[in-house]
Amino acid sequence: QGFESVKKSFESFIAHQDIWYALLGKNGPIRILLLNQNSDELRAGGGFPWTAFIIEFNSGKLTRFQFYDIYALDWQLKWYRPSPEGINQFRSREYPGKSAEFEIRDANYYPTFHESATKIDELTRTAGIGSVDLVVGINQKFLEDVIKIVEPIRLPGITVPIDHYNAMLVLSMLVEG
């Protein structure tokens, strides 16, 4: 089964090689906003986007890989953005009657990921990241599947090896701790 799985993955890669080459910047620089979504905190677009990464490729080379905490990005939004009607039921405690402000962490609200990604791109540009060519969302299941391939992972400052069983707990402690 292992060989067949690898074979199918390789065949899929070959069948879609133009897409993979484009994502790696074959046709010029490409800028990707990768959202790490917490599917334990459901949103219509996948999950709560607790971290973001800007990843840039050009001619197959990784030219930028930068981490952002979603709250730190939200703090960069200076002007008031009223929430869409569906969220307006959550009123601000400081300003009764005023709709809650709409921030990047809320923008995964829309019924399709495309709509959420469009709004997230708009808000992250306002927060100073600049425009992106592609917004991608991943969740814990994806990370666990990747970690299964390369585990155990040892990181400086973390005393336990990270595997697919404890990765989400460790990540949660790092992000929220």
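Position 1 is the first residue of the sequence, and the numbers go up from there.
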Looking at [Y], is its backbone amide N or carbonyl O close enough to the side chain of [X] to form a donor-acceptor pair, meaning the two atoms are under 3.5 Å apart?
X	Y	result
D18	Y21	no
T126	L77	no
D121	T118	no
D163	N166	yes
D133	R31	yes
D106	E103	yes

Would you say Y165 and I147 are hydrophobically clustered, going by side-chain heavy atoms of ILVMFWY under 4.5 Å?
no
Looking at [X] and [Y], what are the two nearest heavy atoms and their distance?
X	Y	answer
I55	F57	CG2-CE1, 3.5 Å
E151	H164	OE1-N, 2.6 Å
P161	R154	CG-NH1, 3.1 Å
G25	I30	N-CG2, 3.8 Å
N58	P29	OD1-N, 3.5 Å

When rounded to the nearest 0.5 angstrom, what is the spacing between [atom1] in [X] and [atom2] in [Y]?
X	Y	atom1	atom2	result
F142	N36	CZ	CG	10.5 Å
D69	R105	CG	CZ	10.0 Å
F65	L34	CZ	CG	7.0 Å
L143	I162	CG	CD1	11.5 Å
Y68	T51	OH	OG1	13.0 Å
I32	R64	CD1	CZ	12.5 Å

Given side chain to side chain contact (heavy atoms under 4.5 Å, CB included), test L155 with V170 step by step and report yes or no.
CA-CA 11 Å; L155 295 175; V170 171; over 6 Å; no
Note, V146 side chain near I138 side chain (heavy atom, < 4.5 Å)
no
Positive for side chain to side chain contact (heavy atoms under 4.5 Å, CB included) with I129, one of I54, L123, I104
I54
Kindly indicate, with the supporting measurements, whether the criterion side chain to side chain contact (heavy atoms under 4.5 Å, CB included) is fulfilled by F113 and Q37.
CA-CA 12 Å; F113 188 76; Q37 301 177 113; 4.0 Å; yes
Would you call E122 and K119 a salt bridge, taking side-chain N to carboxylate O under 4.0 Å as the test?
yes
